[in-house]
Structure formats: structure tokens, C-alpha cells
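Here is the structure we will look at, set down as C-alpha cells.
Note on naming: letters A, B, ... go to the chains in the order of the sequence lines (proteins, then strands), and numbering restarts at 1 for each one.
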Number of protein chains: 2
Amino acid sequence: MATSARQGPYFCGIDAAMDVVSGKWKSLILWELHEHGTRRFAELRRGLPGVSEKMLVQHLREMEEDGLVDREVYPVVPPKVEYSLTEHGVSLNAALESLAVWGRERIERIGADKITVEVA
Amino acid sequence: MATSARQGPYFCGIDAAMDVVSGKWKSLILWELHEHGTRRFAELRRGLPGVSEKMLVQHLREMEEDGLVDREVYPVVPPKVEYSLTEHGVSLNAALESLAVWGRERIERIGADKITVEVA
DNA sequence: CGAGGTGCTCACCTCCGGGTGAGTACCGCA
DNA sequence: TGCGGTACTCACCCGGAGGTGAGCACCTCG
């Protein structure tokens, strides 16, 4: 899935969007990038407690293929790669905002625990 | 997962919402119910080509637990069960609308096939 | 001189979401 | 009489998403 375009036939717009967001960390990556603008690999890893490096790379690669994130590699001696949102990534985030609002209301309703991420 | 409240700790509102929509057919069920109002089990099954009965039941039960759908059983001789959206289901659908718009734009961009469901 | 950080890749394994197919209790229709 | 429809449940299996841990090439800091 990571190396091939997904583009499966869709029933409606929803699953076309879901396809792009499906993946345990996709939406969180989107959110991180939205909050902080440009981030390096290790910064993202630290910002998403619990993510494995493999999954981070994999999801970032998929999101790059989907045209959601930009990946800029600096050929310096200690490797440096910067990730940022493309315009499509930004607009997807905007579309997710109303979902986020609904989710927050749901959290209130059911009284679930919420992890508050410490922003270093 | 079907029989226990999911309520896991969430990073943010998005995954609280995603939790509720995660499942291959959840968003489509939501859409069906939104389009047609009240639907019977077999009507939903026919409206979602490719869904297995087990998955339909399972998803409907989860969505009932999550307070998204109402399930009304008529104790008549040929079994009759009607499903409809609760207010939370309706509001979730509204929140998904902007996602759907984004998804439709993405379909345009990548030129993916789209399954057009014939509404009988 | 070694530990640790940077951005990965690779191999392996586990778990569970989802599919398949059968069974059920009752009815109407041909 | 038996087939098909209604609304399920149950048992089983498979594939893939996701986790674990190692390795790598190079550098800097203690």
C-alpha cells in the first residue's frame, strides 16, 4: 500500500478522504504539522508519543505520495529532513476541523480520558 | 470491540471521531441512513453492495452503542428491525460533510473511479 | 574512545478487522 | 412441500496493519 497509488474505486467522497487519513497516526501527523508548521523527523517522533519509527516513515511516505506533505531533504552530514503540509494537506486539515469539534464533544459526553501532549 | 465501550484515551478530538467512524462500512452506513432516513436491515444490506451480513450487524451494533443510530425492533412474525440516525449521528454526518467535499475534490484530482450506487 | 543522535531500512511477528459459510425460527408463496 | 425472505448468531480463517528490534553511515560531545 505504501508503494502503490491507492486510488481504489470509491463509493463517495467520504471514503476517498478516509483512505488518505486511515492509518493510526495519519491524522495526528497532520495535526502536528498544522500546529508547528515545518518539523523534522525526530521532532515529529517526539511529538507523537508511542509511534514507532517504521510507522512514522511509512505514514509520511504515504502522505507524501498522496500529496499531503512536502518532504525536503538537506544533504548535510548529519541527515536532516523537513516535513511540511502542502496546500492539500492544509485543506484536509481544515476539513477535519469540524470532525475534531464533533470528537471533542463526544469526549465530553462519554467522559473519556484525553491525553494531553506536553509541547516541549 | 463490539461489546465493550471503546472510550480509549484520545490524543485529540479527531481520533475520538475517527474511532467512531473506523470500520470499513461505518461512514457508508451513516450516509445511507442520512439519505434515506429510516431503513430496514435488508435495505441497508442492498444499499451497500459488498457488505457481509456479519459486518453490517457488527457495525450497526457498535454504532448503536456509540449512540449514533437508533434500533427499533418490531416483534412481528417476520422479523422487522428499523435503523435510523440519532441526533449525534446526524451531527456527525454534518461534520463529515466537509470531509466528503474534500474527498470529492481529491477524486477529481487523481481521476479515480467512483462507484455510482444505483438507488433503487 | 565510546555513547548517543540523525533518518532511515529490513526482517520478523502478532493481533484483529473483516470475509465466508453455516445454522435458526418463522412465515408466505408457488 | 419446499424454496426464499427476514434478521440475525456462531465458528472459522486469512491478510494486512502495526509493533519490535536490529543495523547502518556519519558526526559530535563528553
Side-chain angles (χ1 to χ4, degrees), chain A residues 1-8 11 15 18-29 32-33 38-66 69-84 120, chain B residues 1-6 8-9 11 15 18-29 32-33 38-66 69-84 120:
Chain A
M1 184 205 274
T3 50
S4 64
R6 292 202 289 323
Q7 309 183 357
F11 286 99
D15 52 339
M18 293 296 290
D19 187 17
V20 144
V21 186
S22 71
K24 197 170 177 183
W25 305 95
K26 291 275 186 75
S27 55
L28 282 325
I29 293 174
E32 266 296 292
L33 252 21
T38 297
R39 298 226 92 183
R40 300 188 56 181
F41 184 84
E43 288 174 335
L44 281 172
R45 200 197 333 147
R46 280 190 291 265
L48 308 178
V51 73
S52 65
E53 300 198 348
K54 178 195 135 194
M55 289 316 300
L56 227 202
V57 177
Q58 189 174 308
H59 281 164
L60 283 170
R61 288 287 148 82
E62 289 181 23
M63 294 167 75
E64 192 193 352
E65 279 178 36
D66 289 333
V69 303
D70 260 337
R71 175 189 150 88
E72 189 145 3
V73 183
Y74 298 86
V76 292
V77 187
K80 179 176 177 180
V81 183
E82 281 185 350
Y83 295 93
S84 56
Chain B
M1 185 203 275
T3 49
S4 63
R6 293 205 287 323
F11 286 99
D15 52 339
M18 292 297 289
D19 187 17
V20 144
V21 185
S22 71
K24 195 170 177 181
W25 306 94
K26 293 274 186 75
S27 55
L28 283 324
I29 293 174
E32 266 295 293
L33 253 19
T38 297
R39 299 227 92 184
R40 299 188 55 179
F41 184 83
E43 287 173 335
L44 281 173
R45 199 197 334 145
R46 281 189 290 266
L48 308 178
V51 72
S52 65
E53 299 198 349
K54 178 196 137 194
M55 288 318 299
L56 228 202
V57 178
Q58 188 173 307
H59 281 165
L60 284 169
R61 288 287 148 82
E62 289 180 23
M63 292 167 76
E64 192 192 353
E65 280 179 36
D66 289 334
V69 303
D70 260 338
R71 175 189 150 89
E72 188 144 4
V73 183
Y74 298 86
V76 292
V77 186
K80 178 175 176 181
V81 183
E82 281 185 350
Y83 296 93
S84 55

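Residue-to-nucleotide contacts include a donor-acceptor pair under 3.5 Å from the side chain of A:Lys54 to the base of D:dG19.
Side-chain proximity of B:Trp25 to D:dG19, C:dG7, C:dG19: nearest is C:dG19. You'll find that the side chain of B:Tyr83 is closest to D:dC8, out of D:dT20, D:dT6, D:dC8. For A:Arg71, the side-chain atoms get nearest to C:dC8 when compared with the rest of C:dC8, D:dT6, C:dG7.
Distance CD (A:Gln58) to P (D:dT20): 14 Å, rounded to an integer number of Å. We find that CE of B:Met63 is positioned 16 Å from C1' of C:dG17, with the value rounded to whole Å. Regarding A:Arg46, its CZ atom lies at a distance of 9 Å from the C1' atom of C:dG5, rounded to whole Å. Between the NE2 atom of B:His59 and the C1' atom of D:dA7 there is a distance of 18 Å, given to the nearest Å.
When the C1' atoms of four end pairs are superposed on the next four at each end of the helix from C:dC1-D:dG30 to C:dA30-D:dT1, using five pairs per end, the two resulting axes differ in direction by 10°, to 10°.
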> When you check every protein heavy atom under 4.0 Å of nucleotides 22-30 of chain D, what one-letter string (B, S, -) results, 5' to 3'?
Replying inline: ----SS---
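Nucleic acid contact for B:Lys80: sugar-phosphate only, since backbone atoms but no base atoms lie under 4.0 Å from a heavy atom of the residue. At a threshold of 4.0 angstrom between heavy atoms, the contacts of B:Tyr74 with the nucleic acid are absent.
Looking at A:His59 and A:Trp25, their side chains come closer than 4.5 Å, going by heavy atoms from C-beta outward.
Evaluation of the side-chain contact (heavy atoms from CB on, under 4.5 Å) rule for B:Glu82 yields B:Thr38, B:Arg40, B:Tyr74, B:Lys80 as partners, not counting sequence neighbours. Partners of B:Val73 under the side-chain contact (heavy atoms from CB on, under 4.5 Å) rule, at least two apart in sequence or in another chain, are B:Arg71, B:Val81.
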